Amino acid sequence: AEGEGFKIAMRGLDGGRVNISSCSIGGAQQCLDLATKYTQERVQFNQPIFNFQNTQFKLAEMAAKVHSSRLMVRQAAASIDSNDQNKTVLCAMAKMVATEQCY
């Protein structure tokens, strides 16, 4: 329809935001998996560094960031599917959080 081009283009950004967010989460999940594996293999003071409390704190923080970002992206994607009136805001928030926490 005449004069609707900008609105249509802006709606297309919602899917792009979810896509970028998902890429960040995928990369962060791989990093978490590799870091966990490494900490189980690396030995210091006759034990795997995975056993050290500070290492566990860092891995837990990484896992929480990945998980919370994943939940936001799922909610944003669901809002697109259901044509929620807040879908643009949810997608923008999901992208912001996922790229900040998982990049």
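Quick note: residue numbers are just sequence positions, from 1. Small disclaimer: the values here were computed from a predicted structure and weren't measured.
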query: Between atom CE of Met96 and atom CD of Gln101, what is the distance when rounded to the nearest 0.5 Å?
result: 8.5 Å
message: Does atom CD (Gln44) have a neighbourhood of more than 12 heavy atoms from anything else shown, all under 6.0 Å?
response: yes
- request: Go through the structure and list residues passing salt bridge (Lys or Arg N to Asp or Glu O under 4.0 Å) with Lys37, not counting sequence neighbours.
  value: Glu41
With sequence neighbours excluded, residues passing salt bridge (Lys or Arg N to Asp or Glu O under 4.0 Å) with Glu61: Lys65
query: CD1/Ile80 to CD/Gln75 distance, rounded to the nearest 0.5 angstrom?
result: 11.5 Å
Ignoring hydrogens and angles, write down the donor-acceptor pairs under 3.5 Å from the side chains of residues 13-23, residues two or more places apart or on other chains.
from	atom 1	to	atom 2	distance (Å)
Asp14	OD1	Arg17	NH1	3.3
Asp14	OD1	Thr88	OG1	3.3
Asp14	OD2	Thr88	OG1	3.1
Ser21	OG	Arg17	O	2.7
Ser21	OG	Lys95	N	3.3
Ser22	OG	Val18	O	2.9

- prompt: How many angstroms lie between SG in Cys102 and NE2 in His67, if you round to the nearest 0.5 Å?
  reply: 12.0 Å
message: Rounded at 0.5 Å granularity, tell me how far CD1 in Ile25 sits from CG in Leu32.
response: 12.5 Å
Less than 3.5 Å apart, which donor and acceptor atoms pair up between the side chains of residues 52-60 and the rest of the protein, not counting sequence neighbours?
from	atom 1	to	atom 2	distance (Å)
Thr55	OG1	Ile49	O	3.1
Gln56	NE2	Phe50	O	3.0

message: Working to the nearest 0.5 angstrom, can you tell me the gap between Leu34 CG and Thr39 OG1?
response: 11.0 Å
message: A side-chain contact here means heavy atoms from C-beta on lying under 4.5 Å apart; do Asn86 and Ser79 qualify?
response: no
field: Any pair counted as side chain to side chain donor-acceptor pair (under 3.5 Å), so long as it reaches residues 25-34, sequence neighbours left out
entry: Gln29-Asp33, Gln29-Arg70
task: Report yes or no: do Leu90 and Val73 belong to one cluster of Ile/Leu/Val/Met/Phe/Trp/Tyr joined by side chain heavy-atom distances under 4.5 Å?
output: no
task: Report the residues that fulfil side chain to side chain donor-acceptor pair (under 3.5 Å) with Arg11, sequence neighbours left out, ordered by chain and then residue number.
output: none
field: Where Ala94 and Met72 come nearest, the two heavy atoms and their spacing
entry: CB-O, 3.7 Å
